[in-house]
Amino acid sequence: MPDVILKNLPFLLHGLWLTVELSVWSIVLGTLLGLLVGTIRFVRVPVLNVLAAIYVEIIRGTPLLVVLFITYFALPALFGYRTTAYRAAIFGFVLFIAAYLAEDFRAGLRAVRPTLIQAGLATGLTRWQVLRHIILPQAVRRVLPSLFNQYVRLIKFTSVASVIGVTELTGAGLLINARDFHPVTILATIAIVYLVVCSALSLAGRALYAQFGVRT
Amino acid sequence: MTDQPIIAIRDLHKNYGTTPVLRGCSLSIARGEVVVVCGPSGSGKSTLIKCINGLEGYQSGSILVDGIEVGAKGTDLPKLRARVGMVFQHFELYPHMSVLQNIALAQVHVLKRTRTAALERARELLSRVGLSDKADAMPADLSGGQQQRVAIARALALDPQAILFDEPTSALDPEMIHEVLQVMTELASSGMTMVVVTHEMGFARSVADRVVFMDAGEIVEDASSDVFFSAPRTQRAAEFLSKILAH
């Protein structure tokens, strides 16, 4: 291992740990929010449906960096609360990824055959029970590949948090480079670490889909 | 109370937009009766039976199921549907659940049976339709005929007072039609009230008490199956029979 990496290993590992933390929180909370928003749009809950649609459109038309600036600078100023770069980053990632996940979930929900819904209703299940036990489980299983695709994208997106001062993997690498100046070694190392993490998640996604994917 | 018809349809009208689908259908079905509904495609057969359990709405007329008006505002449709089972053309098993779970789901959530009781009942019904060995299979691993038998077991699991069949054999290969009809025949002889939309005239002739012939949204003929097959009253029914029995 190159000296510059070996010397800074604890700092880099801490950066990697932060990247993992940011990713896990954003994926978990983003998935819950995305599922909620996607379901609201699928069911067409009055009022909320419109709000959900506006939210999705706004986020999808805004660069991630701008979203982070909003959650770090604009919202705290607007509503008068204090935040940290770490929390603002998670907040921003959750808002960002949930909009995309919501669309994936909605596509999955809409892919469930209407006659299958009728079959559930015909057994006396309520609309809510049909949604909960028949439509949602199928939709989630069906969109697993898209979800993991978004998760992999998100892991790489977390590097943007370095701009607002979170020393996650990329931020840590940039700091080391500023001091020791070995751009090729440092950036190549970082790239390889992202590749490994993303590939692992991608494989996990495939295994999950092989296990739980719906066969028809 | 028991001589009151389980299903009573009076002057039912339904349109899709400006296209009329049902034009004044009246039909009464007694407990224990097996009624076959036949007629050309687009004649409104499927729509008619989907109106009975409220899967389709209607514009005017009335449907009483066990004395309850299906289309009335205050009607508890889920409760009513639990008493009238339905079997679909394309089986519609829940693809993410095992055969046993398919049959148990509504028992647990609609009838509030315990999970154990529901699974026990599911196994019982599976053996009744001859699929005891498929309890843990997923729907995708079953043949069409097997899937349809599971669907029948799923309908039976709610102990319904009647079962509606919407072309239950139309999506099946010829060799599988027989196994499904056999289950349905046994069901009929056990006294279940059945309304069956089908083109299986052999089944209609040998199992049905009555045959209802529909054309262009109207019930053109409603006769005992003996009379329907030997001496149809109307020209349209006679033409339909000659076409469908020709091969």
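Scope of the values below: all heavy atoms of this structure, side chains included, with no hydrogens, waters or symmetry mates. Throughout, a chain's letter reflects where its sequence line sits, starting with A, and its residues are numbered from 1.
Neither the backbone nor the side chain of B/Leu77 comes within less than 4.5 Å of any heavy atom of chain A. Neither the backbone nor the side chain of B/Val87 comes within less than 4.5 Å of any heavy atom of chain A. Of the atoms belonging to A/Gln118, heavy atoms from both backbone and side chain fall under 4.5 Å from chain B. Of the two parts of A/Arg215, the backbone and the side chain both hold a non-hydrogen atom closer than 4.5 Å to a non-hydrogen atom of chain B. Interface residue A/Arg113: only side-chain heavy atoms are found under 4.5 Å from chain B.
Classification of B/Asp159 and B/Arg113 as a salt-bridged pair holds, one side-chain N sitting under 4.0 Å from a carboxylate O. Taking the charged nitrogens against the carboxylate oxygens, B/Arg123 and B/Glu120 have no contact shorter than 4.0 Å, which rules out a salt bridge.
For the set B/Ala106, B/Pro95, B/Ala140, the count of heavy-atom pairs under 4.5 angstrom toward chain A peaks at B/Pro95. For the set A/Val214, A/Thr126, A/Leu125, the entry with the most heavy-atom pairs within less than 4.5 Å of chain B is A/Leu125. No other option in B/Val110, B/Leu93, B/Asn53 has as many heavy-atom pairs under 4.5 Å with chain A as B/Val110.
Using bins of under 30°, 30° to 60° and over 60° for the plane-to-plane angle, the ring pair B/His109/A/His133 lands in the tilted bin. Ring pair A/Phe148/A/Tyr151 is perpendicular by interplanar angle, where above 60° counts as perpendicular and below 30° as parallel.
Using modelled atom types and a 3.5 Å distance limit, the side chains of B/Glu69 and B/Ser62 yield a donor-acceptor pair.
In this structure, A/Arg153 is not positioned above the aromatic face of A/Phe96 in the sense of NZ or CZ being under 6.0 Å from the six-membered ring centre and within 45° of the axis.
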